[in-house]
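In what follows, every chain begins at residue 1, and chains take the letters A, B, ... in the order their sequences are listed.
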Amino acid sequence: MKNQESPLGVYHAQEMENRIYEWWMQEGFFRATGDAQKKPFTIVMPPPNVTGVLHLGHALDNTIQDLIIRMKRMQGYDALWIPGTDHAGIATQTRVEAQVSKEEGRSRHDLGRDAFVSRVWAWKERYAEVIRSQIRRLGASCDWSRERFTMDPGLSKAVREVFVTLYEKGLIYRGNYIINWCPRCTTALSDIEVEYEETVGALYHISYPFVDGSGTLTIATTRPETLFGDVAVAVHPEDERYRHVIGKRLRLPFGEREIPVIADDYVDPQFGTGAVKITPAHDPNDFEVGQRHQLAAINIMTKEGKLNEHAGKFAGLDRFEAREKIVAELVSAGVLTRTEHHHAVGHCERCGTVVEPWLSTQWFVKMEPLAVPAQEVVALGKTQFIPDRFSKIYSHWLSNIRDWCISRQLWWGHRIPAFYCADCGGTTVSREDPMVCVHCGSSRLTQDEDVLDTWFSSALWPFSTMGWPEDEAGDLARYFPTQVLSTGFDIIYFWVARMIFMSLFFTSQPPFEYVLIHGLVRDDQGRKFSKSLGNGIDPMDVIEKYSADALRFMLVTGAALGQDMRFYMERVEAAQALVTKIWNASRFVLMNLDNELIYGLPAPEERTLADRYILHRLQETTSQATRELEAFQFAEAGKTIYEFFWNDFCDWYIELSKVHLYGTDARQKEPTQKTLTYVLDHALRLLHPFMPFVTEQIWQSLPRDGKTIMLAPWPNFTEEFEDPAAADGMALVMDVIRSVRTLRHEKNIALSKKVEVILRPKAKWQAVLQQAAPYINRLCNPSLLVIDPDAAFPEERVTSVLADVEIALSLAGLVDLSAEKTRLSEEKKHLEFEVKRLQTKLANENFIAKAPVAIVEKEREKLHDYEQQLEKVAAEWARLFSVANDREAE
RNA sequence: GCGGCGGUAGCUCAGAGGGAGAGCACCACCUUGACACGGUGGGGGUCAUAGGUUCGAUUCCUAUCCGCCGCACCA
């Protein structure tokens with residue numbers, strides 16, 4: 001009967017995980033119910049870009065969200081997790097352009113706008129499906145019936161509504177300003193889409209001759225090719241060196257154009273020569289200087305980054321090629337020298353091309369009116385960053401923010417709803433495509449060719465996914481605002497801040513209560529994963545080799561929130577070991593159940609000491625893990641549950657349970673079976689958000705109440721289980737067992753070899769130890785177990801002294817006196833040290849006076865225990881000496 | 001220049017005002033009726049450095065060193 005087959009069989013992660021996910025989907029467990037009895041709890045998933053596949057960072061992010069949403073669902077919330085994908089304008093367009101070019105050797109212009117865009121849609125369909133299957137493979141319990149894409153009709157409607165509203169309120173405007181331009185992508189970029197990289201470049205000193213022949217003025221520049229756009233040279237008004245040349249005129253090289261010397265305190269006299277060429281069309285600072293002095297702006301570059309007709313004979317050359325040629329000519333003319341110069345050069349975030357500050361007409365969002373409330377809401381704690389330090393980063397950015405350039409010269413994205421009139425030149429911005437110009441009534445309208453920055457639509461994600469603006473009574477009313485957002489710190493500016501100000505503006509509510517910021521997943525050497533390093537790890541490969549459960553557990557316990565983590569396969573293996581351990585422990589439980597077992601707990605009076613202990617620990621673990629999870633301390637919570645399951649449940653309780661399961665007293669069998677089942681059930685529930693698959697699989701085989709562990713109630717605080725007496729008692733029993741084992745090990749006595757064990761406890765522990773005798777018998781294998789405060793120890797023995805019990809093994813003929821003396825004297829030395837330490841501490845009047853009473857009391861108890869132990873160890877040590885002397889005397 | 005993070009056992013990381021923990025690795029023993037992805041026992045840390053606060057600091061404060069990151073400027 002004991003050896004019946006476990007219904008669990010062999011663990012096959014791949015087959016099992018796929019099958020379970022399918023079943024969850026079929027049963028609709030992921031769908032938010034809308035149950036009015038339940039409180040809603042909502043998370044919107046940061047939509048992955050449809051550019052390609054998911055990486056470990058996505059896996060971490062989604063695991064965190066799934067963990068939270070699964071716990072909340074079990075806690076009885078109407079939990080909603082909205083999945084989706086982002087169209088990722090530049091990134092996706094670039095990928096598809098590359099694909100078209102590679103496969104057909106054609107550019108997007110060869111295809112034409114409509115044909116190209118339909119190619120991108122095809123790409124989107126394909127990769128959205130890849131991403132969907134990857135998220136599923138991870139076990140994400142998101143509500144697929146509410147999946148969204150940033151370019152869905154509803155979300156596009158939201159984009160248009162937002163654009164038009166902001167335009168009407170004067171918060172969106174079009175203008176000719178310096179923006180960041182990527183000549184490769186041929187589009188404008190926002191400030192944060194530019195990545196600055198420290199580079200070794202050159203500082204060129206060029207001498208411009210005065211028109212009146214009175215010598216030259218030497219300027220310093222890093223970009224000599226822009227000299228064709230120079231409209232002035234500026235010096236500091238207070239700079240004595242140049243005061244006399246202000247107002248004079250200079251002649252530019254390569255041409256006859258003359259420019260004035262002006263004074264502006266923007267100039268730093270310490271830098272370079274103290275004289276700066278002013279090129280308003282190609283430098284943001286120069287642009288401002290130009291405006292202050294009413295200077296013209298000469299744009300000398302094409303959108304591809306080539307010099308245009310203003311550059312004379314250099315027209316048509318690429319900007320870097322032109323720079324070389326210009327420098328060469330100026331050097332031979334003797335008017336240019338160069339020095340090495342370190343400076344940060346902006347690169348396109350998507351393609352790495354050096355970004356060009358470029359004057360062009362673009363659409364902007366006026367930021368200040370939006371940024372102020374967005375800062376407030378975080379400052380007031382209505383939205384909280386976890387860890388809190390990220391709120392500083394957020395607030396710092398918002399307080400220094402410049403207007404947001406939102407137009408992109410791309411084809412993939414939301415087309416800007418602005419229409420220009422061919423007759424009056426007026427602009428019409430409207431919710432529906434206009435038939436006629438609002439200014440003059442002409443029907444000769446053409447829509448702006450450009451699309452909006454992807455982040456413009458992502459910024460609306462928390463409410464656009466819920467039906468805003470069309471359906472405000474449905475999901476939006478119930479599930480917005482959301483409770484939690486989980487994302488990486490790299491996206492705080494791009495996305496989090498923008499969602500917050502857009503939500504505040506359009507819904508008057510912050511979009512989330514908590515923003516969880518996690519760190520980066522790095523490789524085993526601490527480097528970022530990157531294509532160029534070739535160190536990428538596909539989460540699907542990890543799942544394939546181990547399991548989604550293991551990957552999830554590893555990621556979520558790998559580091560504290562906000563801290564970067566290194567990805568080590570060894571740690572996935574460790575997580576997999578836990579999965580296996582859970583599986584095997586469950587097999588044990590199941591193969592020891594009787595078919596007619598009724599689900600439930602044994603009555604309190606039927607519970608064994610071990611039962612009481614494990615229920616107490618279950619209770620502790622439940623409280624602690626719940627507290628930690630609710631504080632978003634996932635790694636801590638994972639550890640708490642891990643330790644309970646492995647150490648308390650497997651190493652101790654299961655071993656102890658064997659006494660009752662296989663023992664002679666049949667009455668104890670059923671209570672133990674019930675406790676095993678109960679504790680396993682609840683431990684699985686605690687583990688489920690971490691490891692959804694294996695816990696579901698096991699739970700299905702368990703006597704249970706419910707259809708799926710996904711919807712089983714989250715374990716609650718159960719006062720009835722609180723049992724400090726059982727906890728203390730078992731702690732002592734465990735100490736005793738451990739000590740006996742240690743003595744056996746030190747004396748090389750295998751557990752299979754029986755040996756007499758004598759325990760001399762303090763009287764108050766007599767009953768507990770007596771009760772625990774069957775456990776000690778099973779785990780220590782004594783030939784005879786004596787438990788008696790007055791027991792006499794045999795002459796030939798080894799001993800161990802605990803605070804509350806003395807332990808002796810009877811070892812006739814086996815005691816190595818000198819080894820034993822060494823061991824005891826080490827022990828004695830250690831105890832003496834501790835006693836001394838505590839005596840000194842307690843002799844300190846300041847300590848007694850100022851430390852909390854409880855601490856002082858604790859230290860006194862410690863001292864007392866140590867003193868007693870020392871006394872006994874010293875006595876034993878002395879006894880050995882006399883035995884040794886006797887032997888020598890013989 | 002401004003700001004942030006990290007420096008704890010060989011490795012990766014937790015932790016916390018009252019003489020430091022885990023996983024992996026290591027050593028010894030064990031095929032004990034769930035599990036060798038296991039069991040039992042063990043070794044290993046002046047908690048980066050120097051000051052300060054405190055009865056007490058590895059934990060709080062200051063400075064320094066080392067590693068990393070963000071922002072700003074860069075003609």
Side-chain angles (χ1 to χ4, degrees), chain A residues 2-3 6 8 11 196 198 201 203-205 219-223 226 233-234 266-268 271-279 283 285-286 341-345 387 389-390 392-393 396-397 400 489-490 492-493 519-520 524 526 546 550 554 557-560 562-568 570-571 573-592 633 635-636 639 642-643 650-651 654-655 658 661-662 737-738 741-746 748-752 778-779 781 833-834 837-838 841 844-852 854-856 858-859 862:
Chain A
K2 307 283 188 299
N3 293 323
S6 165
L8 278 183
Y11 167 82
Y196 289 90
E198 204 62 38
L203 192 60
Y204 303 91
H205 294 252
I219 57 92
T221 181
T222 51
R223 299 164 68 217
T226 63
V233 167
Y266 147 72
V267 180
D268 173 7
F271 189 92
T273 60
V276 192
K277 68 194 214 43
I278 299 299
T279 321
D283 182 282
N285 291 310
D286 291 6
H341 179 58
H342 295 255
H343 60 147
V345 176
R389 66 185 133 93
F390 290 104
K392 276 186 227 160
I393 296 177
H396 180 257
W397 184 67
N400 295 302
F489 60 81
D490 50 331
I492 293 175
Y493 306 143
L520 241 53
D524 55 5
Y546 299 96
M554 183 270 151
T557 57
Q563 224 56 53
D564 286 359
M565 120 180 37
R566 293 190 193 199
F567 191 86
Y568 267 81
E570 289 89 329
R571 304 195 43 206
E573 282 165 20
Q576 184 60 47
L578 175 62
V579 175
T580 312
K581 189 75 178 175
I582 294 167
W583 184 260
N584 284 318
S586 304
R587 286 183 58 216
F588 170 83
V589 172
L590 285 164
M591 68 176 61
N592 283 291
Q633 295 167 349
E636 285 301 294
K639 241 169 268 184
Y642 179 108
E643 278 165 18
C650 293
D651 290 348
I654 284 186
E655 291 311 318
K658 291 174 183 171
L661 293 173
Y662 308 146
I737 291 169
R738 239 177 261 131
R741 283 165 164 175
T742 306
L743 285 174
R744 277 176 163 280
H745 195 260
E746 278 169 358
N748 247 316
I749 303 160
L751 194 62
S752 51
R778 183 169 178 94
L779 298 173
N781 198 24
F833 173 82
E834 292 293 332
R837 206 194 90 232
L838 289 165
K841 193 168 195 175
N844 183 341
E845 283 174 28
N846 275 324
F847 175 68
I848 304 294
K850 296 189 179 173
I855 295 289
V856 176
K858 214 172 109 192
E859 298 294 294
K862 269 201 266 183

Q) How far, in whole Å, is B:rA25 from B:rU62 if one measures between their C1' atoms? A) 39 Å

Q. How about A:Phe489 and A:Arg389: do any of their side-chain heavy atoms sit closer than 4.5 Å?
A. no

Q) Taking the P atom of each, how far is B:rC35 from B:rU31, in whole Å? A) 15 Å

Q. Along nucleotides 38-47 of chain B, 5' to 3', which nucleotides get a B, which get an S, and which get a -, given that the test is a protein heavy-atom distance under 4.0 Å?
A. SSSBS-----

Q: Give one of base, sugar-phosphate or nothing for A:Tyr493, where a contact means two heavy atoms less than 4.0 Å apart.
A: sugar-phosphate

Q.
At 4.0 Å (heavy atoms only), tell me whether A:Val589 reaches a base, stays on the sugar-phosphate, or touches nothing.
A. nothing

Polar atoms only, N or O, under 3.5 Å: list the protein pairs with nucleotides 54-57 of chain B and their distances.
residue, atom, partner, partner atom, Å
B:rC55, OP1, A:Lys850, NZ, 2.3
B:rC55, O2', A:Asn844, ND2, 2.9

Q. With rounding to whole Å, what would you report as the distance between B:rG43 and B:rU49 at their P atoms?
A. 24 Å

Q) For A:Ile654 and B:rG33, what is the distance between atoms CD1 and C1' respectively, to the nearest whole Å? A) 13 Å

Q | For atom NE2 of A:His342 and atom C1' of B:rC73, their distance in whole Å | A | 16 Å

**Q.** salt bridge (Lys or Arg N to Asp or Glu O under 4.0 Å) partners for A:Lys858, two or more places apart
**A.** none

Q. Considering residues at least two apart in sequence or located in another chain, which fulfil the salt bridge (Lys or Arg N to Asp or Glu O under 4.0 Å) criterion with A:Lys862?
A. A:Glu859

Q) What is the distance from CZ of A:Arg744 to C1' of B:rA28, rounded to the nearest Å? A) 16 Å

Q: Using the C1' atom as the reference point in each nucleotide, state the distance between B:rU54 and B:rG17 in Å, no decimals.
A: 9 Å

Q) Given the P atoms of B:rA57 and B:rA20, what is the spacing between them in whole Å? A) 14 Å

Q) Can you name the side chain to side chain donor-acceptor pair (under 3.5 Å) partners of A:Arg566, sequence neighbours left out? A) none

Q: Would you mind reporting whether A:Phe847 and A:Ile855 have side-chain heavy atoms less than 4.5 Å apart?
A: yes

Q: May I have the distance from A:Lys858 (atom NZ) to B:rG18 (atom P), rounded to whole angstrom?
A: 8 Å

Q) Do the non-hydrogen side-chain atoms of A:Leu578 and A:Tyr642 ever get within less than 4.5 Å of each other? A) yes

Q.
List the residues meeting side chain to side chain donor-acceptor pair (under 3.5 Å) with A:Thr226, not counting sequence neighbours, and say none if there are none.
A. A:Lys277

(Q) Are the side chains of A:His343 and A:Leu203 in contact, using a 4.5 Å heavy-atom criterion? (A) no

Q.
Does the structure show A:Trp583 stacking with B:rA34, if we require the centres to be closer than 5.5 Å and the planes to be within less than 30 degrees of parallel?
A. no

Q: Starting at the 5' end of nucleotides 3-15 of chain B, put B wherever the base has a protein heavy atom under 4.0 Å, S where only the sugar-phosphate does, and a dash everywhere else.
A: -SSS----SSSS-

Q) Which is true for A:Glu834 with a 4.0 Å heavy-atom rule: it touches a base, it touches only sugar-phosphate, or it touches nothing? A) nothing

Q: Please state how far atom CD1 in A:Ile855 lies from atom C1' in B:rG18, giving the value in whole angstrom units.
A: 5 Å

Q: Return the set of residues passing salt bridge (Lys or Arg N to Asp or Glu O under 4.0 Å) with A:Glu834 (not counting sequence neighbours), or none when no residue passes.
A: A:Arg837

Q: For A:Tyr11, check ring-ring contact (aromatic ring centres under 6.0 Å, His included) against everything at least two apart and list the hits.
A: A:Trp583

Q) So which one's nearest nucleotide on RNA chain B is more toward 5', A:Ile219 or A:Arg837? A) A:Arg837

Q: Give a yes/no on whether any side-chain N or O of A:Tyr266 is located under 4.0 angstrom from OP1 or OP2 of B:rC73.
A: no

Q: Return the set of residues passing side chain to side chain contact (heavy atoms under 4.5 Å, CB included) with A:Glu198 (not counting sequence neighbours), or none when no residue passes.
A: A:His342, A:Ala344

Q: Compare all side-chain heavy atoms of A:Asn781 with those of A:Arg744 and state whether any distance is below 4.5 angstrom.
A: yes

Q: Please examine the side chains of A:Met554 and A:Phe567, heavy atoms only from C-beta on, and report whether any two atoms are closer than 4.5 Å.
A: yes

Q) Does OH in A:Tyr266 sit with more than 12 non-hydrogen atoms of other residues, nucleotides or ligands closer than 6.0 Å? A) yes

**Q.** Sugar-phosphate only, base, or nothing, as touched by A:Glu573 at under 4.0 Å among non-hydrogen atoms
**A.** nothing

Q | P-based separation of B:rU8 from B:rC13 [nearest Å] | A | 10 Å

(Q) In this structure, how many angstroms lie between the C1' atom of B:rG70 and the CD atom of A:Glu198, rounded? (A) 14 Å

Q. With a non-hydrogen cut-off below 4.0 angstrom, is A:Phe390 in contact with a base, only sugar-phosphate, or nothing?
A. nothing

Q. Is the closest side-chain heavy-atom distance between A:Glu746 and A:Leu743 below 4.5 Å?
A. yes

Q) Quick one: A:Glu655 CD to B:rU32 C1', roughly how many Å, whole number? A) 8 Å

Q) In whole angstroms, how far is the P atom of B:rG33 from the CG atom of A:Leu779? A) 14 Å

Q: In whole angstrom, give me the gap between the P atoms of B:rG6 and B:rA48.
A: 12 Å

Q: Please state the P separation for the pair B:rC73 and B:rA14 - nearest whole angstrom.
A: 34 Å

(Q) Whether A:Asn285 contacts B:rC74 is assessed here as follows: a side-chain N or O lying under 4.0 Å from the phosphate OP1 or OP2. Is that the case? (A) yes

Q: Go ahead and write out RNA chain B as dot-bracket, 5' to 3': ( ) for pairs within the strand, [ ] for ones crossing earlier pairs, | when the partner sits on another strand, dots for unpaired; Watson-Crick or G-U wobble, both distances under 3.5 Å.
A: ((((((((.[[[[.)..(..]]]].(((((.......))))).....[[[[[..)....]]]]])))))))....

**Q.** Any residue meeting salt bridge (Lys or Arg N to Asp or Glu O under 4.0 Å) with A:Glu643, in chain and number order, not counting sequence neighbours
**A.** none

